[in-house]
Amino acid sequence: MELKELYALMERFEKSGLSEIFYKKDGEEVCLKKAAPVTYAAPMVAAAGAPVAVPGMPAASADAPARHAADTEFIRAPLVGTFYRAPAPDAPPFVEKGDTVKKGKPLCILEAMKLMNEFQAEFDLEVVAILADNGNMVEFGTPLFEVRRV
Amino acid sequence: MELKELYALMERFEKSGLSEIFYKKDGEEVCLKKAAPVTYAAPMVAAAGAPVAVPGMPAASADAPARHAADTEFIRAPLVGTFYRAPAPDAPPFVEKGDTVKKGKPLCILEAMKLMNEFQAEFDLEVVAILADNGNMVEFGTPLFEVRRV
Amino acid sequence: MIQSLLIANRGEIAVRIIRTCREMGIRTVVAYSQADADSLPVRMADGHVCVGPAPARESYLNVRNLVTAAVLSGCDAVHPGVGFLAENAGFARDVKEAGLTFVGPEPQVIDLLGDKIRAKKSAQELSIPVIPGSAGSVADAREALKAAESIGYPVIVKAAAGGGGKGMRIVHDASELADVLLVASHEAEKAFSDGTVYLEKYLENPRHVEIQIVGDSRGNVVHLGERDCTVQQNHQKLIEESPSPVVTPELRARMGEDAVRLLRGLGYTGAGTVEFLVKDGAHYFMEVNARVQVEHPVSELVTGVDIIRQQILAASGEALEIRQGDVKVGGYAVECRINASSAGRVTQFMSPGGYGVRMDTFLYVGYNVPPWYDHLVAKLIVTGQNRAEGLRRMQRALSELVIEGIRTNIESQKKIIAHPVFRSGNYGTGFLGEVMKEGGL
Amino acid sequence: MIQSLLIANRGEIAVRIIRTCREMGIRTVVAYSQADADSLPVRMADGHVCVGPAPARESYLNVRNLVTAAVLSGCDAVHPGVGFLAENAGFARDVKEAGLTFVGPEPQVIDLLGDKIRAKKSAQELSIPVIPGSAGSVADAREALKAAESIGYPVIVKAAAGGGGKGMRIVHDASELADVLLVASHEAEKAFSDGTVYLEKYLENPRHVEIQIVGDSRGNVVHLGERDCTVQQNHQKLIEESPSPVVTPELRARMGEDAVRLLRGLGYTGAGTVEFLVKDGAHYFMEVNARVQVEHPVSELVTGVDIIRQQILAASGEALEIRQGDVKVGGYAVECRINASSAGRVTQFMSPGGYGVRMDTFLYVGYNVPPWYDHLVAKLIVTGQNRAEGLRRMQRALSELVIEGIRTNIESQKKIIAHPVFRSGNYGTGFLGEVMKEGGL
């Protein structure tokens, strides 16, 4: 079996209601299994009725990109707070998309309980994408930047 | 088996009521499984507490052999009743294991509401096994005999 | 006292009966069809007997197999549940002839109440208000026309053996009557193999209000207040509540007394329901359901009386544990029937819970809902100090209820509970039809 | 009135709070750890904010993230639930300083009641019977010996900041005292970073009986009768019931009045519990839990009062909906705590249901129970007209409960409910330990 055949089989299998496939042919053996999945977010949300829209409710976890490119990584929010790209409303942002940032240079500010927490780059990096919006709330773990080590 | 044949098999299998398929042919093997069709008798039974033992409670469905040999078949109880192998307590049984029985000859009696219902062979057959016990209750569908057409 | 009970039924009512039996120390044996081998009642009961294949007429309506199963599995009584053979006098007779106790009224009482004309006559004789109508059945169009003239149009044609709206037809003027009569009689003949029909004044958009009764063999007959079942979709109840928004204490007393007088007169034992129509503060006897009803939990929750328990005590020849004086209708309770509109495997099920919520169901994750039987899969019942609180709680509970793998009416129940007209409490049996027309559901 | 509530907790208590909020029209936002992203409360709430990784000290105990989450998600109040920060005065202060409402008593009240010695003093000043003991803390062995002599052995050493049995030691004679004192003080130091200890007379095998209180900011303080929590396994409550088999109406009145007097004196608002030991018909003040308790549903079901609702009303500055005169303890209720002894994916879950059964849980099929937090996974509560009926119903309900994929204590709860000594109602806090020794569980 060619690998692309195997991928095809895997795709078909994932769509199927099956839990296991074992296939053996002239010395070749393939075994596919599923773990009990079950994730039922949707219905509960529906059940919860239209949630009241509130300024500052974290879009975060929902909207945040689930995965990043192979050669990049996320810098995530280490605390709950308000995300600021600049040291002051009228000041220019610390970093822009495409910037190369040296280790120790500031990336953003997270405000929590009236404290301005500045966060610096922990390694030399290139800013591939800025994922949080200035002035918005971020949750613990919300991806703030997608970066590439340089 | 070609992969497209395998896909066809998978589709057919998903539609089927089967839970598992194993297929082997000159060195080729295919095994398809569905997730356990959830049977949780045990806990509920345990939960039910020790059921009161009652003479005549159908051992049937539980004890009855699940499958028969490839070349034989079951004759099942068409009604709920008491299974008798003979026309009268002192009379010899209608049939014994190993007997060959001609179509139309009596096999057993099922008593229901004081009525003795005699059941005859619907085809020429050999009695491979007698599965119900004389004088015991049988449910609808309880296997009474395992027979081979002759 | 009953020692061992065969339950000749399935689904949530079988589960309901098993629960009370277990609390009473009564052994249960469930009779089931091959389609129900994996059902919850089969798993919960102390014993189970397969009585036939999936089609009900060969299993749950198979009198011979059911009675034989009861005798051979060592039961001393049979509970018919709801539907199937619950109001079948012949089944009750066969059960008794087999030397077993039938959990329900005497066969001849079932017979009498099954005949809507005789039942109505019995009510009239006890001067219980009935809907003006023909004196008994109408043999032909001529008789019907005469009756209709005296009653006044619109009139409704009903089947004597009727139920579930079959053989029912509304007639607005004389010109229609003859034809409609034939249709209705034919429909009744088909449905009940009895084409007898009669006429009644057609009440526009009334309330459906019923009185829950329990009686024992010692002459005690007690009513547990009313249930309002006005929210119906083609004669199928969808929501039941108690107390009724339109029943005053005075009306409750009058209806209760009438219901008790009627069933005491018949020597009624066990659980039963007297159904009335209520219009402009007046009540009119409609019919008696000679069995426990799907919506009985509503009355259990406002009175604190386990109706199945009283039913079993009465069948055992014991006295009821309550007298009319003990019955206090307190607070409010409402039930939403959760019906399936498709069969299949339940892939997820989350039951509502918490304060004031009761769930009666036979669903579980992995259960394969068979296509053969009634579409009721769950009864969600909540209590509150009053109707407003109860309906808020029902809305909350419905929002928690998750059933996946089969289609259900959960969303439409949410819409009904939230509907301003329903909230107002001011509507009639036509309400749901109107809402549907508006495309409101 | 509170408009939008952040729930700084998880599991069944978070679900419990969401339910009442939904009935009150209050928006809910659940703060959750990364381990709880798939949890039921996160799915049920109108909003949710991740406040940290799995370890509680970085999420559910992370005051900064919790308060920030409340402010930024537009909440005007915070409910601490049970455990975690529920009795942390510092958290209550930070919540108030952020301009939010804390659903619980005032910080200084939490502080005072958190100090077992000061709490006991307050009770004494109101001439509420307390367990004879040292006047305040004991600085050293010499003081302890003097106190013990005057009290009489056996005595128990307790931590001032105590709870959950930590820093508790029984001393049978003077020779042991000095050593035990050091161990207990050290243990207390480790557990509460406060080694202060005090002595009390050790009551052998008493009953644990507590009074449920709700108070508002307008001086209304009402008690909802008692809960008997005598069935404990190393100071962990397993079964709670109301009314208590050993509390007479007179004793109930005395305990209730004492509890109300104490908390009114402190200007207590919201839900709280005053715990007593009962021995030979006398009651002794033990401590106050300045929060709602796990077992509160038992009192809800015998009084018909939604305690979480009263708690939220009180926090909003509203008046309680009940006065002492309205409170009737009717019937009987009992709760079994269902605890998990292993984490993992729930492969099947069947909740008991039907008449008189309430289930509070956050389990569902497919949920992965995380290993990080409290082992309570469900509370099964049933009602009955009396204790005998209630216990029969509990046995029935436990027999229906199916939880697969994780190990639970369902079987041992069945054994306790069926145990003749438990049925007799005549036992003390030592009961379960004895039964376990006999290998009875």
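Here is the naming used below: chain letters follow the sequence lines, and residue numbers restart at 1 for every chain.
- For D:Gln34, the part lying near chain A is the side chain, with the backbone staying farther off; criterion is any non-hydrogen pair under 4.5 Å.
- In terms of heavy-atom pairs under 4.5 angstrom with chain A, the leader among D:Ser33, D:Pro53, D:Ala37 is D:Pro53.
- Contact count against chain D (heavy-atom pairs under 4.5 Å) is highest for A:Gly81 among A:Gly81, A:Gly141, A:Pro78.
- In the displayed structure, A:Glu118 atom CD is contacted under 6.0 Å by more than 12 heavy atoms of other residues, nucleotides or ligands.
- Below 4.5 Å, heavy atoms of chain D meet no heavy atom from residues 94-109 of chain A.
- To the nearest 0.5 angstrom, D:Thr68 atom OG1 is 9.0 Å from A:Glu111 atom CD.
- Side-chain N or O atoms of D:Asn65 include none that pairs as donor or acceptor with a backbone N or O of A:Leu79 at under 3.5 Å.
- Atoms CD and CG, on A:Glu139 and D:Leu72 in that order, are 11.0 Å from each other to the nearest 0.5 Å.
- In this structure, no portion of D:Ala98 lies under 4.5 Å from any heavy atom of chain A.
- With a 4.5 angstrom heavy-atom cutoff, D:Val71 does not touch chain A via any of its atoms.
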